[in-house]
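Quick notes on the structure that follows.
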Amino acid sequence: MSNIAIIATVDTKGEEVAYLKKIIEQRGHNSKVIDVGILGPPLNEPDVSNEEIARLGGWDLKELTKIKKRDQIIQIMGEGAARCLEDLYNNHKVDGVIGIGGNQGTAISSMAMKVLPIGFPKCIVSTVVSGNIRPFIGNKDILILFSVADFIGGPNIVTKMILSNAIDALIGMVEFDRGLQSNFQKTVAISALGNTELAVKYAIKCLKEKGYHPIPFHASGAGGSAMEELMGYGIISAVLDITPHELSEEVVGLGAYIPVKSGRLTVAGRLGLPQVVSTGALEYLCFGPMESIPLQLRRRKIYMHNPYNANVRLSIKEMEKIGQVMAERLNQAKGPVAVLIPLKGWSIYGSIGGPLYNPKGNRTLINSLKKHLNPNIYLEEVDAHINEPYFIDKCIKILINLMKG
């Protein structure tokens, strides 16, 4: 019998909470209701009161309700719910968690769930998932289900179906919990984008043939941050950072793929993991449709990856800064590092004849990187394109040597 936590504003979603409790208990599991509401008394008695959640957030509930800033209240209740969940998890008192709500309930639930590790069953049923859900998800594996109908007036034939589906999905995750296996001693994380996919596919093939367990991560902001979080779990042995694209967006401060967590290219070094780093897709920023590109960038070289995604070439000044920051971060590494730079292109679009080709910009980044990089860090310029097997073979050979010490 498992314990499933329910996070909700019980003052406004009490009837939905009662329905969730009923379904959970019918399925043979225990429920634990965590009340994060502040508008009034709960419609039914929770297991963890809103007073306790406010206290865990550092406030007395009565004083908290006097605050005029809604965002501050939500932040405090989210932090309190996170501490509650963390305590339950650390004491093995929760096996899965579900949150329900609109903007406020979704925000609080997601803030709480982000303290839980990747792989732990977590789900939110939300009325607002048609909008930008990146702030809610971050780099975590939170399942979000659209409620379709609103949570007003108690469960109806639509929301009952959606809530039942959500609980069944969560219980499936709980009952068949596989968790993250940490018994791999030869696990290699690889960063990827569509522009470097050929390189990554070839690297995966080669590493598997050599007895390694490669795991690719899409450099979409969330992917790189998730990769670095998993390094802290102890399941990553080494890093083939072919596509550190998110670094460019973090340094420039623009783009759809800014890392969810700042500090790209620092975690592997801080943990002392062997890493081979390249320059994949560092030469451009990613945006959504054309209208999402800031006006000041629209005179640059632009290539539409598809109707919903634009790639925008970086300026010379930006490339210089990225090279400097890249060097400064790699210089802090406690483990072995090697940098390999393909001279014939860092992406499909940035290759010779490609729509974003700019050899002067690439050379600017290379020179800046070499200028600021610790001379003890190995750097090699390779006369190849990043997607060529010859280049990837070099990367893998060096990475394996670093792993073997």
Side-chain angles (χ1 to χ4, degrees), residues 139 188-193 196 217 219-232 236 238-286 312-343 346-347 350 358-382 386 394-395 398-399 402-403:
N139 64 293
V188 178
I190 311 175
S191 53
L193 276 180
T196 58
F217 295 86
S220 60
S225 295
M227 177 179 77
E228 292 180 326
E229 178 169 329
L230 287 170
M231 293 175 194
I236 304 295
V239 186
L240 184 53
D241 216 337
I242 295 173
T243 320
H245 165 82
E246 294 140 316
L247 177 69
S248 291
E249 302 206 2
E250 182 179 353
V251 172
V252 177
L254 292 170
Y257 290 173
I258 293 176
V260 171
K261 295 181 180 178
S262 60
R264 191 68 172 82
L265 284 183
T266 61
V267 177
R270 184 172 70 247
L271 297 174
L273 297 178
Q275 52 181 327
V276 168
V277 180
S278 189
T279 50
L282 284 179
E283 75 272 38
Y284 62 84
L285 302 173
C286 291
V312 180
R313 180 75 204 199
L314 289 164
S315 70
I316 297 294
K317 185 176 180 181
E318 290 163 345
M319 295 287 275
E320 182 177 20
K321 181 63 176 178
I322 293 163
Q324 178 183 343
V325 173
M326 185 177 183
E328 291 171 349
R329 294 187 178 184
L330 294 178
N331 288 344
Q332 301 302 313
K334 297 177 181 178
V337 183
V339 180
L340 274 74
I341 303 172
L343 296 178
W346 304 348
S347 66
N358 185 341
K360 182 179 178 181
N362 289 13
R363 178 46 60 183
T364 298
L365 189 150
I366 294 170
N367 290 343
S368 178
L369 174 63
K370 292 169 73 173
K371 176 182 176 182
H372 296 96
L373 193 67
N374 186 325
N376 293 325
I377 293 178
Y378 180 80
L379 184 147
E380 181 179 353
E381 297 179 47
V382 183
I386 195 165
K394 271 184 167 290
C395 291
I398 291 174
L399 183 65
L402 295 181
M403 293 175 73

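Scope of the values below: all heavy atoms of this structure, side chains included, with no hydrogens, waters or symmetry mates. All values derive from a computational prediction rather than experimental measurement.
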**Asked** Got M227 and I236 here, is their nearest side-chain heavy-atom distance under 4.5 Å?
**Response** no
**Message:** Is any side-chain heavy atom of W346 closer than 4.5 Å to one of L365?
**Reply:** yes
**Atom of R329, atom of L265 and distance for their closest heavy-atom approach** = CB-O, 3.7 Å
**Asked** Short question: side chain of T196, backbone of L193 - any donor-acceptor pair under 3.5 Å?
**Response** yes
**Message:** If we count only N and O atoms by modelled type, under 3.5 Å, do the side chains of E283 and S347 hold a donor and an acceptor together?
**Reply:** yes
**Asked** Taking the side chain from E250 and the backbone from G263, do they hold a donor-acceptor pair closer than 3.5 Å?
**Response** yes
**Asked** Where do V337 and I377 come nearest, in terms of heavy atoms and distance?
**Response** O-CG2, 3.8 Å
**Complete:** Residues V382 and L340: closest non-hydrogen pair is CG2-CD2, 4.4 Å
**Prompt:** Where does the angle between the aromatic ring planes of Y257 and H245 fall among parallel (under 30°), tilted (30 to 60°) and perpendicular (over 60°)?
**Reply:** perpendicular
**Message:** Quick check: closest heavy atoms across L254 and L285, and the distance to 0.1 Å?
**Reply:** O-CD2, 3.7 Å
**Message:** For the backbone of N374 and the side chain of N331, can you confirm whether one donor and one acceptor N or O come within less than 3.5 Å of each other?
**Reply:** yes
**Prompt:** With distance as the sole test, does S368 use its side chain to make a donor-acceptor pair with the main-chain N or O of Q324 at under 3.5 Å?
**Reply:** yes
**Request:** Check whether any side-chain N or O of S225 sits under 3.5 Å from a backbone N or O of K261 as a donor-acceptor pair, and report yes or no.
**Result:** yes
**Request:** Go through the steps for I341 and L369 under the test side chain to side chain contact (heavy atoms under 4.5 Å, CB included), then give the verdict.
**Result:** CA-CA 11 Å; I341 303 172; L369 174 63; 3.9 Å; yes
**Asked** Do R270 and E228 sit within salt-bridge range, that is, some charged N less than 4.0 Å from a carboxylate O?
**Response** no
**Prompt:** How about M319 and N362: do any of their side-chain heavy atoms sit closer than 4.5 Å?
**Reply:** yes
**Request:** Take T266 and Q332, measure what side chain to side chain contact (heavy atoms under 4.5 Å, CB included) needs, and give me the verdict at the end.
**Result:** CA-CA 8 Å; T266 61; Q332 301 302 313; over 6 Å; no
**Asked** Do you know the tightest heavy-atom contact between F217 and A189?
**Response** CE1-CB, 3.9 Å
**Message:** Quick check: do I242 and C395 have side-chain heavy atoms less than 4.5 Å from each other?
**Reply:** no
**Close side-chain approach of L343 to R363, heavy-atom, < 4.5 Å** = yes
**Prompt:** Is a salt bridge present between E246 and R264, judged by a nitrogen-to-oxygen distance below 4.0 Å?
**Reply:** yes
**Asked** So, for I322 and L282, which heavy atoms are closest and what is the spacing to 0.1 Å?
**Response** CD1-O, 4.3 Å
**Prompt:** Are any of the side-chain heavy atoms of K370 and E381 separated by less than 4.5 Å?
**Reply:** yes
**Item:** Donor-acceptor contact present, side-chain T243 to main-chain G280, <3.5 Å
**Value:** no
